[in-house]
Amino acid sequence: QVQVVESGGGLVQAGGSLAVSCAASGSSFSINAIRWYRQASGKQRELVAAITTGGTTNYADSVKGRFTISRDNAKNTVYLQMNSLKPEDTAVYYCNVECKVIGYGPAVRNYWGQGTQVTVSS
């Protein structure tokens, strides 16, 4: 019903910058919030940043001041700008879309993208 596609990512040296984006498409839906998670090898998935429809944002302490999340409501797209990257930022970054699908009741649904690899070399 809702497709989530991440793009961007790649390899960058420590101290560099990278941006990833997340686009949601599909049936009529109403987005509540979009979140970026990451999962490093051998570790649990963790929340990195989130943004609501109203524009409220929050960040993990580990990325505050370095990462910026923004959204284009008209395009149902969210961007994550990552600056001053560190080797410990290396992970697969996943986008999560929390939304209601029109015609499928009031329940909130979550859709995930396939993930995009971000690698920061030291």
Side-chain angles (χ1 to χ4, degrees):
Q1 296 143 341
V2 178
Q3 292 77 46
V4 180
V5 178
E6 300 110 336
S7 60
L11 174 64
V12 66
Q13 287 188 332
S17 299
L18 211 56
V20 290
S21 61
C22 168
S25 63
S27 305
S28 297
F29 55 95
S30 175
I31 295 176
N32 291 344
I34 297 182
R35 300 176 178 88
W36 279 101
Y37 289 79
R38 67 186 180 188
Q39 187 166 19
S41 180
K43 296 187 177 181
Q44 289 188 329
R45 191 171 296 190
E46 63 174 353
L47 178 65
V48 176
I51 187 166
T52 68
T53 301
T56 300
T57 60
N58 64 73
Y59 299 90
D61 288 342
S62 60
V63 306
K64 281 181 181 177
R66 299 188 298 122
F67 290 13
T68 301
I69 189 170
S70 61
R71 66 183 292 172
D72 183 335
N73 288 338
K75 297 181 179 180
N76 288 324
T77 299
V78 163
Y79 307 94
L80 184 67
Q81 177 65 42
M82 303 178 287
N83 299 327
S84 302
L85 282 161
K86 305 175 181 179
E88 49 264 44
D89 293 318
T90 295
V92 178
Y93 284 68
Y94 296 93
C95 179
N96 169 266
V97 175
E98 177 190 299
C99 63
K100 295 180 181 180
V101 179
I102 308 302
Y104 284 82
V108 172
R109 298 170 180 248
N110 283 277
Y111 296 89
W112 292 86
Q114 78 287 352
T116 185
Q117 177 71 46
V118 171
T119 303
V120 184
S121 63
S122 57

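Gln81 CD to Phe67 CZ: the interatomic distance, rounded to the nearest 0.5 Å, is 9.5 Å. The line from CG of Asn96 to CG of Leu47 is 9.0 Å long, rounded to the nearest 0.5 Å.
Annotation for Gln114 and Val5: closest pair OE1-CA, 4.1 Å, computed over non-hydrogen atoms. Of all non-hydrogen atoms in Val78 and Ile34, the two that sit nearest each other are CG2-CD1, 3.3 Å.
Pairs passing the ring-ring contact (aromatic ring centres under 6.0 Å, His included) check and including a residue from residues 75-94, sequence neighbours excluded, do not occur. Identified under the ring-ring contact (aromatic ring centres under 6.0 Å, His included) test for residues 101-122, with sequence neighbours left out: Tyr37-Trp112.
The backbone N or O of Cys95 sits less than 3.5 Å from a side-chain atom of Glu6, completing a donor-acceptor pair. The main-chain N or O of Ser84 is found under 3.5 Å from a side-chain atom of Arg66 such that the two form a donor-acceptor pair. Proximity of a side-chain donor or acceptor of Arg71 to a complementary backbone N or O of Thr52 within less than 3.5 Å is detected.
Hydrophobic cluster membership of Val108, counting Ile, Leu, Val, Met, Phe, Trp and Tyr whose side-chain heavy atoms lie under 4.5 Å apart directly or via other members: none, as it forms a cluster of its own.
Partners of Lys64 under the side chain to side chain contact (heavy atoms under 4.5 Å, CB included) rule, at least two apart in sequence or in another chain, are Tyr59, Asp61. With sequence neighbours excluded, the residues that form a side chain to side chain contact (heavy atoms under 4.5 Å, CB included) with Gln117 are Thr90, Val92, Thr119.
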Query raised in the report: Passes side-chain contact (heavy atoms from CB on, under 4.5 Å), Trp36 versus Ile51? Steps please.
Result: CA-CA 9 Å; Trp36 279 101; Ile51 187 166; over 6 Å; no
**Report entry** Check against side-chain contact (heavy atoms from CB on, under 4.5 Å), Gln3 and Val97
**Finding:** CA-CA 9 Å; Gln3 292 77 46; Val97 175; over 6 Å; no
Query - Test log, rule side-chain contact (heavy atoms from CB on, under 4.5 Å), inputs Thr56 and Asn58 - result: CA-CA 7 Å; Thr56 300; Asn58 64 73; 5.7 Å; no
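If you check the side chains of Glu98 and Asn110, you find no donor sitting under 3.5 Å from an acceptor.
Results of the side-chain contact (heavy atoms from CB on, under 4.5 Å) test with Cys99 over Asn32, Val2, Asn76, Val4 single out Val2 as the only residue that passes.
Side-chain contact between Val63 and Arg38 is present, with at least one heavy-atom pair separated by less than 4.5 Å.
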Only pairs under 3.5 Å count here: list side-chain donor-acceptor contacts from residues 10-26, not counting sequence neighbours, and write none if there are none.
residue, atom, partner, partner atom, Å
Ser17, OG, Asn83, OD1, 2.9
Ser21, OG, Ser7, OG, 2.6

